[in-house]
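What follows is a structure written as structure tokens; I'll ask about it next.
Worth knowing before you read on, the calculation uses all heavy atoms, side chains too, and leaves out hydrogens, waters and symmetry mates. Every value quoted in this text rests on a predicted model; they were computed, and no experiment measured them.
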Amino acid sequence: MQRGSGPRSRRLLPRWLDPYMAALAGTVGLAALFPASGASARVAEVACDLAVALLFFLYGARLSTRETLAGLRHLRLHGLVLATTFVLFPLLGVATALLTPVPLTGPLQTGVLFLCLVPSTVQSSVALTGAAGGNVPAAICAGTYSSLAGLVLTPVLAAWLLGSHTELSADGLLRIGLQLLAPFLLGQVLRPWLGGPLSRHKRVLTPVDRGSILLVVYTAFSAAVSQGIWGLATPLALLGLLAVLLALLAAALAATGLGARLLGLDRSATVAAVLCGSQKSLANGLPMATVLFGAQAGLMVLPLMLYHQLQLIVGTVLAGRWSRAAAGGAAPGSVPPALTGPGAPPAPG
């Protein structure tokens with residue numbers, strides 16, 4: 001019974017919809033109908049802080065230092081991904097405030113800029129790179145380096161570009177260190193003893209990871225609902241947000257594809273660069289938002305959640321297209337074709 005429930009639940013959803021995103025949407029709906037308030041809100045905030053610390057502890061305990069250092073040979077690929085993630089994306093985020101034809105409400109605009117500061121993801125970019133026949137080890141390292149850099153660069157860039165929207169006082173920086181960096185470093189120290197058991201029990205840990213993120217989402221949106229912030233998310237603003245997110249994704253895909261060609265990357269490395277450089281991490285971004293924005297995080301993480309679903313849909317289509325091109329005998333050094341053709345089976349989120 002339990003073994004068959006996973007595939008059966010997937011069949012109830014469209015092929016392009018990640019079940020995890022459906023759970024996130026359900027959590028937002030739950031927070032809208034039954035937001036935590038009063039004593040329950042304080043309990044949820046404490047539980048959220050503990051969940052974020054647990055997430056980053058597990059990240060540290062599972063990260064193989066040896067494999068991370070071994071991936072340094074793909075310097076051009078990693079440089080392209082890091083430049084796209086922490087240089088191009090922030091510039092695009094700033095440009096949206098000036099060029100967006102439909103004005104976004106304050107929290108949504110701030111959320112778009114925060115999205116542009118979040119590191120790349122590991123799980124979905126690696127899964128999509130594998131499905132497309134790309135360089136999976138390079139994708140693992142590219143996502144890992146981006147996540148590590150994001151622990152420092154995302155708060156620094158947020159303090160610089162978002163200013164008063166964040167809680168980055170001296171106390172805020174200490175909180176980031178205690179809640180994000182300290183658990184991560186502790187996980188790295190304990191990895192020699194915990195790395196093996198954690199690797200053998202990935203299926204058990206997945207609900208812990210995702211359950212922690214769902215708790216973060218519920219806490220953030222409960223605070224937003226209590227503040228009446230949903231009145232700012234008008235239909236026109238949401239349509240404008242969707243257009244901005246699609247433009248950001250298209251720009252990132254085009255820039256990474258062009259950059260890979262200029263750097264002379266082969267086909268498998270190009271696939272990894274395009275998919276890693278255009279992706280944003282929901283697992284890292286949501287906990288960081290709660291630390292940076294506190295009670296104001298609710299509506300500000302909506303752009304990141306929507307972008308995550310868009311990157312999965314577009315990435316799945318691209319992976320299917322590139323996989324068929326590789327099977328048809330595409331030249332090893334060719335750049336992946338443009339976004340055309342039907343979709344492919346969905347990849348994990």
Requested in this report: Determine the minimum heavy-atom distance between Pro119 and Met288, stating which atoms define it.
Outcome: CD-SD, 4.5 Å

Query raised in the report: Any side-chain heavy-atom pair from Val301 and Val217 closer than 4.5 angstrom?
Result: no

Report task. State which residue, out of Leu153, Leu117, Leu113, fulfils the side chain to side chain contact (heavy atoms under 4.5 Å, CB included) condition with Pro90. Result -> Leu117

Query raised in the report: Ignoring hydrogens and geometry, is there a side-chain-to-backbone donor-acceptor pair from Lys280 to Ser120 under 3.5 Å?
Result: no

Query raised in the report: If Ile, Leu, Val, Met, Phe, Trp and Tyr residues are connected whenever their side-chain heavy atoms lie under 4.5 Å apart, and connections chain through other members, are Leu186 and Trp193 in the same group?
Result: yes

Query - Phe114 side, atom CZ; Met300 side, atom CE - distance, nearest 0.5 Å - result: 10.0 Å

Query raised in the report: Ile213, Leu30: one ILVMFWY side-chain cluster at the under-4.5 Å cut-off?
Result: no

Report task. Answer yes if Val94 and Leu162 sit in the same cluster of Ile, Leu, Val, Met, Phe, Trp and Tyr residues linked by side chain heavy atoms under 4.5 Å apart, and no otherwise. Result -> yes

Query raised in the report: Counting distance only, does the side-chain N/O of Ser281 pair as donor-acceptor with the main-chain N or O of Thr121 below 3.5 Å?
Result: no

Query raised in the report: Going only through I, L, V, M, F, W and Y residues with side-chain contacts under 4.5 Å, is there a path from Leu282 to Leu246?
Result: yes

Query raised in the report: Of the non-hydrogen atoms in Ala32 and Pro35, which two are nearest, and what is the gap between them?
Result: O-CD, 4.0 Å

Query raised in the report: Should Val112 and Tyr307 be marked as a side-chain contact (heavy atoms from CB on, under 4.5 Å) after you check the CA-CA gap, both sets of side-chain angles, and the distance that decides it?
Result: CA-CA 9 Å; Val112 169; Tyr307 186 90; over 6 Å; no

**Report entry** Full working for side-chain hydrogen bond (donor to acceptor under 3.5 Å, both in side chains) between Gln109 and Thr96
**Finding:** CA-CA 8 Å; Gln109 183 62 62; Thr96 61; 3.0 Å; yes

Query raised in the report: Does any non-hydrogen side-chain atom of Phe86 lie less than 4.5 Å from one of Thr154?
Result: yes

Report task. State the CD-CG distance between Gln279 and Leu249, to the nearest 0.5 angstrom. Result -> 8.0 Å

Report task. Any chance you could measure Leu262, atom CG, to Leu80, atom CG, to the nearest 0.5 Å? Result -> 9.5 Å

Query raised in the report: Do Tyr145 and Val81 come within less than 4.5 Å of each other through their side chains, counting heavy atoms only?
Result: no

Query raised in the report: Distance from Leu292 atom CG to Thr110 atom OG1, nearest 0.5 Å?
Result: 12.0 Å

Query - Candidate pair Leu128 and Leu318, rule side-chain contact (heavy atoms from CB on, under 4.5 Å), full reasoning - result: CA-CA 9 Å; Leu128 291 170; Leu318 282 171; over 6 Å; no

Query raised in the report: Under the side-chain contact (heavy atoms from CB on, under 4.5 Å) criterion, do Leu310 and Leu242 qualify, and how do the steps go?
Result: CA-CA 9 Å; Leu310 290 174; Leu242 185 60; 4.0 Å; yes

Query raised in the report: Taking the side chain as C-beta and beyond, is there a heavy-atom pair between Ser147 and Tyr59 under 4.5 Å?
Result: no

Query - Exam field: side chain Thr256 to backbone Leu253, donor-acceptor pair closer than 3.5 Å - result: yes

Report task. Consider only side-chain N and O atoms of Thr219 and Glu45, and report whether a donor and an acceptor are under 3.5 Å apart. Result -> no

Query raised in the report: Roughly how far, to the nearest 0.5 Å, is the OG atom of Ser199 from the CZ atom of Arg191?
Result: 6.0 Å

Query - Side chain to side chain, Phe57 and Leu194, heavy atoms closer than 4.5 Å - result: yes

Query raised in the report: Less than 4.5 Å apart, any side-chain heavy atom of Arg261 and any of Thr270?
Result: no

Report task. Examine distances only and state if a side-chain atom of Thr27 and a backbone atom of Ala23 form a donor-acceptor pair shorter than 3.5 Å. Result -> yes

Query raised in the report: Minimum heavy-atom separation for Leu108 to Ala237, with atom names?
Result: CD1-CB, 4.0 Å

Query raised in the report: Under the 3.5 angstrom rule, does the side chain of Ser212 hit a backbone N or O of Val208 as a donor-acceptor pair?
Result: yes

Report task. Might you point out which heavy atoms bring Thr85 and Ser146 nearest each other, and give the distance in Å? Result -> CG2-OG, 3.8 Å

Query raised in the report: Counting distance only, does the side-chain N/O of Arg62 pair as donor-acceptor with the main-chain N or O of Leu58 below 3.5 Å?
Result: yes

Query - Transitive ILVMFWY side-chain link Leu198 to Val189, under 4.5 Å - result: no

Query raised in the report: How far apart are the closest heavy atoms of Phe89 and Ala252, and which atoms are they?
Result: CZ-CB, 3.5 Å

Requested in this report: Nearest 0.5 Å please: distance from the CG atom of Leu248 over to the CG atom of Leu115.
Outcome: 6.5 Å

Report task. Of all the heavy-atom pairs spanning Ala142 and Leu77, show the shortest one and how long it is. Result -> CB-CD2, 3.8 Å

Report task. Start with the C-alpha distance between Leu151 and Phe56, add both sets of side-chain angles, then the distance that settles side-chain contact (heavy atoms from CB on, under 4.5 Å), and finish with yes or no. Result -> CA-CA 10 Å; Leu151 286 173; Phe56 280 84; 3.3 Å; yes

Query raised in the report: Sub-3.5 Å donor-acceptor pair from the side chain of Ser323 to the main-chain atoms of Ala319, do we have one?
Result: no

Report task. Run the numbers on Ser278 and Gln311 for side-chain hydrogen bond (donor to acceptor under 3.5 Å, both in side chains), then give the verdict. Result -> CA-CA 8 Å; Ser278 61; Gln311 74 186 18; over 6 Å; no

Query raised in the report: Between Tyr218 and Val28, is any pair of side-chain heavy atoms under 4.5 Å apart?
Result: no

**Report entry** Minimum side-chain heavy-atom gap Arg267-Asn135 below 4.5 Å
**Finding:** no

